[in-house]
Engineer: 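My questions all concern the structure below.
Computed from a predicted structure; not experimentally measured. In what follows, every heavy atom counts, from backbone to side chain, and hydrogens, waters and symmetry copies are set aside.
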Amino acid sequence: MIRFDIVTVFPEIIENYCNASIIGRAQKLEKVSIVAHDLRKWTTDKHHTVDDRVFGGGPGMLMKVEPLYRAVTALKEVAVKDGYVPYVLATVASGTLFTQERAQQLSSPSTSTAYIVLCGHYEGFDARIFDFVDESFSVGPYVLTGGELPSLVLIDTVTRLIPEVLGNEESAGDETTFSFAGKNLQVSGEHPQYTSPAEFSFTDASGKMQTQTVPPILRSGDHKKIKDENESQRVNKTFLSE
Ligand SMILES: C[S@@+](CC[C@H](N)C(=O)[O-])C[C@H]1O[C@@H](n2cnc3c(N)ncnc32)[C@H](O)[C@@H]1O
């Protein structure tokens, strides 16, 4: 089994998301275990301080190394005792770009693995914690207020790839795929899909009635033709790096 130990100052963000929908069901089915840990648990002062000013000046606060170190050490110890191999990840805006390929790899570890994920906040981490981190990942070229969303991205993308997590109605079979050609990102987008009604009517901005109709071939029942049609409707895009 895969386990996620998320270290955060906002455990409720992780819990609220992970207890709902497909990820919630995956936990109930024991395909994955997700525990959000409050970093303040590993503080020793009465104010439960997790941050402080930056040496050398600069705006904002940094997450202190000691509670993070204690959290990593404690969670690694418990993971090993429970028969898991611990692997520590940190959410970092300038980290390695997280991809579907990486999600695939993390979803099929060769042994039971506990992913211990550190969520940054404020201006980020005291750099000394990175000596105890195996991988720093970024979910995209933008800066968020905290590492909770990136952690949820990791949990969600990895969990849905674990066998039997998705039911037939949510299958990961024919999805958008991503690959890199050098620095360029190539995306093969899923073909357009439709559900009932076969005809949808609406009034446009000029007050005229319009009707959108599902392509008849998709309602023909001819599986070979439908497959060919869907394949031809995939949208291939290349996002150039420059
Ligand atoms: C306000 S950000 C800190 C940004 C940091 N000062 C910088 O310039 O890179 C606070 C935290 O959010 C998380 N974070 C923000 N953007 C992220 C991204 N694109 N991917 C992963 N984590 C991110 C990191 O944990 C980070 O420490």
Engineer: Applying salt bridge (charged side-chain N to carboxylate O under 4.0 Å, His left out), can you list everything that pairs with Glu199, at least two apart in sequence or on another chain?
Structural biologist: none
Engineer: Under the salt bridge (charged side-chain N to carboxylate O under 4.0 Å, His left out) rule, collect the residues that match up with Arg219, sequence neighbours excluded.
Structural biologist: none
Engineer: Partners of Ser220 by side-chain contact (heavy atoms from CB on, under 4.5 Å), sequence neighbours excluded?
Structural biologist: Ile217, Asp222, Ile226
Engineer: Which residues pass the side-chain contact (heavy atoms from CB on, under 4.5 Å) test with Glu231, not counting sequence neighbours?
Structural biologist: Arg234
Engineer: Under the ring pair (Phe, Tyr, Trp, His ring centres under 6.0 Å) rule, collect the residues that match up with Tyr122, sequence neighbours excluded.
Structural biologist: none
Engineer: Can you run down the side-chain hydrogen bond (donor to acceptor under 3.5 Å, both in side chains) pairs that involve residues 136-158, sequence neighbours left out, and say none if there aren't any?
Structural biologist: Thr8-Glu148, Tyr17-Asp156, His121-Glu148
Engineer: Which residue pairs satisfy the side-chain hydrogen bond (donor to acceptor under 3.5 Å, both in side chains) criterion with at least one member in residues 59-71, sequence neighbours excluded?
Structural biologist: none
Engineer: With sequence neighbours excluded, tell me which residues meet side-chain contact (heavy atoms from CB on, under 4.5 Å) with Thr111.
Structural biologist: Val85, Thr113
Engineer: So, using side-chain contact (heavy atoms from CB on, under 4.5 Å) as the criterion, who are the partners of Phe178 when residues are at least two apart?
Structural biologist: Gln100, Thr176, Leu185, Val187
Engineer: Holding to side chain to side chain donor-acceptor pair (under 3.5 Å), I want the full list of residues that pass it with Lys224, two or more places apart in sequence or in another chain.
Structural biologist: Asp228
Engineer: Test of understanding: with salt bridge (charged side-chain N to carboxylate O under 4.0 Å, His left out), list the residues that count as partners of Glu123, not counting sequence neighbours.
Structural biologist: none
Engineer: Holding to salt bridge (charged side-chain N to carboxylate O under 4.0 Å, His left out), I want the full list of residues that pass it with Asp38, two or more places apart in sequence or in another chain.
Structural biologist: none
